[in-house]
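Written below as structure tokens is the structure these notes are about.
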Amino acid sequence: MAVIIGAHGITGEVRLKVFADDLSDYRSFNGGALTLKSARDGSNGVIARFAEVTDRNGAEALRGTELTVPRSALPPLEEGEYYHADIIGLSAIASDGEELGHVALIENFGAGDVLEIERPDGRRFMVPMNAQAVPEWSQDRLIVDRAFIA
């Protein structure tokens, strides 16, 4: 859902990089370890306060912490939508049947998701996550059009 990127002020607030459209439906994160009391937009991301964090030292200690919720708390997906967690780790296969490796990472630089596929030898290449480059995917694998393979 988000990651804590740093402390904000001295009273325990943190700055978040949010990956969800909206955090307002969620109050409990990381199996109940963190309880969201408030969140507001800030100049460098969302500023949040958690009940369990009361000072800057506690906030700094959380830097890099990913905020998660159970899968059951997420809204259902529409046709063609996916959660990053469902795509990362999938086997990647070329449209001609060649095994390419697996999806190692998903980036978004502003124009849509880009998949980083890691080959068995460790080399990586990127393809856009769109219908032209990835015409098919399932819970087991995704197909990459040969024209997009580097």
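As the structure is a computational prediction, the values presented were derived from the model and not from experiment. Atoms considered below: every heavy atom in the structure, side chains included; atoms not considered: hydrogens, waters and symmetry mates.
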query = Given I10 and D55, is the side chain to side chain contact (heavy atoms under 4.5 Å, CB included) satisfied, shown in steps?
reply = CA-CA 6 Å; I10 60 171; D55 62 19; over 6 Å; no
task = Given side chain to side chain contact (heavy atoms under 4.5 Å, CB included), test E98 with R146 step by step and report yes or no.
result = CA-CA 9 Å; E98 176 192 356; R146 172 56 68 191; 2.4 Å; yes
Where do [X] and [Y] come nearest, in terms of heavy atoms and distance?
X    : Y    : value
A133 : P128 : CB-O, 3.2 Å
W137 : G80  : CH2-O, 3.4 Å
A7   : R15  : O-NE, 3.5 Å
S28  : V69  : O-CG1, 3.7 Å

Test item: side-chain donor near acceptor, T11 and R49, under 3.5 Å =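 Present: a donor and an acceptor within the cut-off.
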query = Between the side chains of T68 and N30, does any donor sit under 3.5 Å from an acceptor?
reply =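 Short answer, yes.
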message = Is the ring pair H84/Y82 parallel, tilted or perpendicular, if the boundaries are 30 and 60 degrees?
response =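 H84 and Y82: parallel rings.
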If you measure from the Lys or Arg side-chain nitrogens to the Asp or Glu carboxylate oxygens, is any gap between [X] and [Y] under 4.0 Å?
X    : Y    : value
K17  : E66  : no
D121 : R123 : yes
R141 : E99  : no
E13  : R56  : no

ask   = Checking E107 side chain against E116 main chain: does a donor-acceptor pair fall under 3.5 Å?
value =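 Judged by distance alone, no pair lies under 3.5 Å.
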request  = Examine distances only and state if a side-chain atom of R40 and a backbone atom of I47 form a donor-acceptor pair shorter than 3.5 Å.
outcome  =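 No: the side chain of R40 does not pair with the backbone of I47.
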inquiry  = A quick test of your reading: do over 12 heavy atoms of other residues, nucleotides or ligands sit less than 6.0 Å from CG of L77?
reply    =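 Yes, enclosed.
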ask   = Any chance CD of E81 has more than 12 other-residue heavy atoms, nucleotides or ligands included, within less than 6.0 Å?
value =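 Yes.
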Hydrophobic cluster identity match, V134 and V114, side-chain contacts under 4.5 Å =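 Per the 4.5 Å side-chain linkage, V134 and V114 are not co-clustered.
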query = Would a hydrophobic clustering, with Ile, Leu, Val, Met, Phe, Trp and Tyr connected at side-chain separations under 4.5 Å, put V103 with I143?
reply =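 As far as the 4.5 Å side-chain criterion goes, I143 and V103 are not connected within one cluster.
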Step-by-step side chain to side chain contact (heavy atoms under 4.5 Å, CB included) determination, L16 to I5 = CA-CA 6 Å; L16 302 178; I5 58 174; 5.9 Å; no
inquiry  = Among L115, I117, V127, exactly one meets side chain to side chain contact (heavy atoms under 4.5 Å, CB included) together with F148. Which residue is that?
reply    =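 Option passing the side chain to side chain contact (heavy atoms under 4.5 Å, CB included) with F148: V127.
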Side-chain contact test, heavy atoms from C-beta onward, threshold under 4.5 Å: evaluate it for [X] versus [Y] and give yes or no.
X    : Y    : value
V18  : L23  : yes
L67  : V3   : no
T35  : F50  : no
E118 : F125 : no
V46  : D41  : yes
L105 : I88  : no
I93  : L142 : no
M1   : F29  : yes

How far does [atom1] of [X] sit from [atom2] of [Y], to the nearest 0.5 angstrom?
X    : Y    : atom1 : atom2 : result
N108 : M129 : CG    : CE    : 12.5 Å
I87  : Q139 : CD1   : CD    : 11.0 Å
L100 : S91  : CG    : OG    : 10.0 Å

task = Begin from the C-alpha positions of V53 and L62 and carry the test side chain to side chain contact (heavy atoms under 4.5 Å, CB included) through to its verdict.
result = CA-CA 9 Å; V53 184; L62 291 175; 3.4 Å; yes
